[in-house]
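Only one structure is covered here, and it is reproduced in the block below.
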Amino acid sequence: MLPVLLLIIFALALALFRLHVYRGQLLEMAQILESTPAESNLSLTTQTGGEPARRLCRAVNSRLEKGRQLRQEALGRERELKHSMACISHDIRTPLAGAMGYLQLLEEEPERQDEYLEIIGRRLKELDGMLEQLFLYTRLQGGPLPLNCEVAAVLPPLYDALAEFYPQLETAGIEPRLRFAREDITAYADREALGRIYKNLITNAIRHGGGDLTISAIEGGICFANPIGAAPQPDPSRLFDRLYQGNPARGNGGAGLGLAIVRELMEQMDGKVTARIEGDELKIDLSFRNVHAEEENALSKKVILGD
């Protein structure tokens, strides 16, 4: 009887000792967590045996690591937002300051009214275009637009965009070269969104290109190609990032949102846009969803199933 009693007492003493050790370890973890700054690279360790303690330690460390990652992402977004606001403010202020300067000149030299009013009009039109791009990009970031995608002709919106930008193309000395074997090319797209994509790509060629703009048909889409010119080569992998500009001087105007809008609109139409550099040319490929292949596959399945 005595040996059994001693065994029970020993077991209780061991259990109390382990409980005391666990309690001490938990208090130590709590103290470390309370006294360590949130930005610390803290990782907890346990000196006690047993899977429960190790599992708790792993769970706490996992949460701490996720918290650090979230803080880093938040700091990155905050830095990006500040940079975006600075860039957009700079780009908007440039044409506005130009218009205000010519307004002042207009007061001092009223005999040159027609010349100054024309320049002021161009500056304000440029500012209006930037604000329109900013508004559209904000809408795209807020969620999908109510696009009316269908199988539509891709060339009529292109002709309209080229006609609209004819004065700017002529001033820049850029001749559009169209290379299409046929006129009845179609794609799964929203006509209005397609027109906006074309306008942004033409604007990009005018501002950053170094020669004539070639627009041609490719497999499943359209390619816009123009020489890069003497400017620094852009990074094709970053070309569609918000506010990215290949020229660090940012001297060509624009808010750096045009190509980002192109990507957003293409993705919302189940398509994609990619960029590549071949020789001295920048080529931007628009690839549309192949609804014809989908219809053929569906028809083939029906025939196989005997429907």
Side-chain angles (χ1 to χ4, degrees), residues 18-94 130-147 200 204 232-252 254-275:
R18 295 187 63 180
L19 183 61
H20 175 74
V21 172
Y22 275 123
R23 179 177 179 276
Q25 184 71 43
L26 292 175
L27 289 174
E28 182 182 355
M29 287 183 179
Q31 184 179 5
I32 293 174
L33 291 173
E34 291 169 353
S35 61
T36 304
E39 62 273 12
S40 171
N41 292 326
L42 168 72
S43 290
L44 296 178
T45 58
T46 178
Q47 298 176 352
T48 61
E51 180 58 24
R54 289 193 292 268
R55 181 176 176 183
L56 174 63
C57 196
R58 288 195 299 268
V60 171
N61 286 336
S62 177
R63 285 299 179 94
L64 290 172
E65 180 60 29
K66 288 179 181 178
R68 281 193 289 269
Q69 292 176 1
L70 290 174
R71 285 193 298 273
Q72 290 298 321
E73 291 173 4
L75 289 173
R77 287 193 296 268
E78 183 179 353
R79 287 193 295 267
E80 183 181 359
L81 178 60
K82 290 180 179 179
H83 174 70
S84 301
M85 294 301 295
C87 292
I88 292 174
S89 298
H90 171 272
D91 288 324
I92 289 177
R93 188 165 55 245
T94 300
M130 291 181 183
L131 294 175
E132 181 184 354
Q133 294 274 55
L134 180 59
F135 175 70
L136 176 57
Y137 184 80
T138 303
R139 288 185 61 198
L140 288 168
Q141 293 302 296
L145 295 181
L147 301 181
N200 286 7
N204 183 73
Q233 281 199 358
D235 182 353
S237 66
R238 296 187 56 207
L239 201 60
F240 303 99
D241 292 348
R242 180 180 63 180
L243 300 177
Y244 173 77
Q245 292 195 358
N247 183 0
R250 300 179 60 80
N252 294 324
L257 296 175
L259 294 184
I261 289 174
V262 170
R263 179 174 62 182
E264 293 287 339
L265 288 175
M266 286 299 296
E267 289 178 353
Q268 289 196 19
M269 295 190 300
D270 294 333
K272 68 177 181 178
V273 58
T274 55

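As the structure is a prediction and not an experimental result, all values here were calculated from the model.
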Taking every heavy atom of G258 against every heavy atom of Q133, the minimum-distance pair comes out as CA-NE2, 3.6 Å
Please lay out, stage by stage, how N200 and L259 fare under the test side chain to side chain contact (heavy atoms under 4.5 Å, CB included).
-> CA-CA 7 Å; N200 286 7; L259 294 184; 5.5 Å; no
Working to the nearest 0.5 Å, report the span between CZ of F240 and CE of M266.
-> 9.5 Å
Going by heavy atoms in the side chains, are L70 and E73 under 4.5 Å from each other?
-> yes
Looking only at non-hydrogen atoms, find the nearest pair between A275 and P236 and report the distance.
-> O-CB, 3.5 Å
Could you tell me whether the side chain of R263 reaches within less than 4.5 Å of the side chain of D241, counting heavy atoms only?
-> yes
Side chain to side chain contact (heavy atoms under 4.5 Å, CB included) between N204 and V262, intermediate numbers included | CA-CA 11 Å; N204 183 73; V262 170; over 6 Å; no
Separation of L136 CG from L265 CG (nearest 0.5 Å) | 6.0 Å
Do Q268 side-chain atoms and L145 backbone N/O form a donor-acceptor pair below 3.5 Å?
-> yes
Side chain to side chain, L257 and L134, heavy atoms closer than 4.5 Å = yes
